[in-house]
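Quick note: numbers below take in every heavy atom, side chains included, and nothing from hydrogens, waters or symmetry partners. Letters A, B, ... are given to chains in the order of the sequence lines, protein chains preceding strands, and every chain is numbered from 1.
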Amino acid sequence: MIVYRTISKGKIKWFRCELLVWGKQHRRKFPWRNTSYAYAILAAEFMLQKTNAPLVAPLYEEFMEKYPTVEALAETQFLEIKNILQPLGLSFRAERLHKSAQLLVKEYQGKIPNTQAELLKLPGVGKYTARSICANAYGQNKAVIDTNVARIFERFFGFEGGRVKSRCPLLWQAAEEIAPPRDVGIWNLTLFDFGAEVCTAKNPHCDRCLLRERCGYLKQQVK
DNA sequence: AAGACGGGGCA
DNA sequence: TGCCCAGTCTT
């Protein structure tokens, strides 16, 4: 169970500032971060679901060369898509991505919708993916929760429960409260990278963490 | 609310 | 070996 309690504005602000400073230097570079082409971002989001980002990068570039448009993807045989995505595992994603592409061509004139509600109608698109597309492709201020964000919040702010509960309203509400008023897309990326590089699931690098002095997790360890 | 899906990377 | 990864969908 995740218990939400009010967080002081000061602590939130401090958290934001520190993390954004960290992000300026340490944010990772990935091919899907260089574009605002909505289809390219949608494809990336599918591949990234529950999958290590550095593993996705080379395969993603190959994928985008072969299927540069949603129409191209929709027309491709499913088996071919399944094969190219095979090294990523979770193979049902290939089918959902293909189905989504076909639906987008058929019902949306090949345009990727720019609202959470419409995106949620696509197979394989849940709250996280829908909001990520809104943020990364359309510049909307949509905060997201993934395993990294959930873990960081849990440790720093002292929420209970680390697993991603994609339908826990309170955690999503907290994410919106904690996110800065603008550039939330960048903010999301900063949190992912911080979770991947510093606030890792196993053996977090608390010794070189700039959030150390106010982190609930570390205080707990010291006791 | 819990379980299934998954190959690859890393300790 | 065992744990973990930019989640979603089905009981």
Over how many whole Å does the gap from [X] atom [atom1] to [N] atom [atom2] extend?
| X | N | atom1 | atom2 | result |
| --- | --- | --- | --- | --- |
| A:Leu119 | C:dT8 | CG | P | 11 Å |
| A:Asp146 | C:dC5 | CG | P | 9 Å |
| A:Asn148 | C:dG7 | CG | P | 7 Å |
| A:Lys29 | C:dA6 | NZ | C1' | 18 Å |
| A:Tyr60 | C:dA6 | OH | P | 17 Å |
| A:Arg96 | B:dA4 | CZ | P | 15 Å |
| A:His205 | B:dA11 | NE2 | P | 9 Å |
| A:Arg151 | C:dG7 | CZ | P | 10 Å |

Report yes or no: do A:Tyr67 and A:Glu80 form a side-chain donor-acceptor pair below 3.5 Å?
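The criterion, which ignores hydrogens and geometry beyond distance, is satisfied for A:Glu80 and A:Tyr67.
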When you measure from the side chain of [X], which nucleotide among [options] comes out closest?
| X | options | value |
| --- | --- | --- |
| A:Thr129 | C:dA6, C:dT8, B:dC5 | C:dT8 |
| A:Phe30 | C:dT8, C:dA6, C:dC5 | C:dA6 |
| A:Trp32 | C:dT8, B:dC5, C:dA6 | C:dA6 |
| A:Leu55 | B:dG9, C:dA6, C:dG7 | B:dG9 |
| A:Pro87 | B:dG6, B:dG8, C:dA6 | B:dG8 |
| A:Ala201 | C:dC4, C:dA6, B:dC5 | C:dC4 |

Is a donor-acceptor pair below 3.5 Å formed from side chain A:Arg33 to base C:dA6, judging by atom type as modelled?
yes
Check: A:Phe30 ring centre within less than 6.0 Å of A:Tyr60 ring centre:
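Aromatic pair excluded; centres sit 6.0 Å or further apart.
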Are the ring centres of A:Tyr217 and A:Phe156 closer than 6.0 Å?
no
Any ion pair linking A:Asp193 and A:Arg33 (charged N to carboxylate O, less than 4.0 Å)?
yes
Heavy atoms under 4.0 Å, any strand shown: does [X] hit a base, just sugar-phosphate, or nothing?
| X | answer |
| --- | --- |
| A:Val125 | sugar-phosphate |
| A:Thr200 | nothing |
| A:Ser132 | nothing |

Need to verify one output field. Residue with the more 5' nearest nucleotide on DNA chain B, A:Asn52 or A:Phe92?
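Checking each residue's closest nucleotide, the 5'-ward one belongs to A:Phe92.
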Taking for A:Gln49 and for A:Lys202 the nucleotide of DNA chain C with the nearest heavy atom, the one nearer the 5' end belongs to A:Lys202
Take A:Pro123 and A:Leu189, find for each the nucleotide of DNA chain C with the closest heavy atom, and name the residue whose nucleotide sits nearer the 5' end.
A:Leu189
Quick one, A:Tyr128 with A:Gln49, criterion side-chain hydrogen bond (donor to acceptor under 3.5 Å, both in side chains). Give me CA distance, side-chain angles, the key distance, then yes/no.
CA-CA 9 Å; A:Tyr128 165 84; A:Gln49 288 169 1; over 6 Å; no
OP1 or OP2 of B:dA11 under 4.0 Å from side-chain N/O of A:Asn203:
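For B:dA11, neither OP1 nor OP2 has a side-chain N or O of A:Asn203 closer than 4.0 Å.
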Is the distance from OP1 or OP2 of B:dG6 to the nearest side-chain N or O of A:Ser91 less than 4.0 Å?
yes
Indicate the ring-plane relationship of A:Trp22 and A:His26, choosing parallel, tilted or perpendicular according to the 30° and 60° boundaries.
parallel
Could you give the distance separating C:dA6 and B:dG3 at their P atoms, to the nearest angstrom?
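The same atom, P, in both gives a distance of 23 Å.
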In whole Å, measure the gap between the P atoms of C:dT1 and B:dG6 for me.
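It works out to 23 Å between them.
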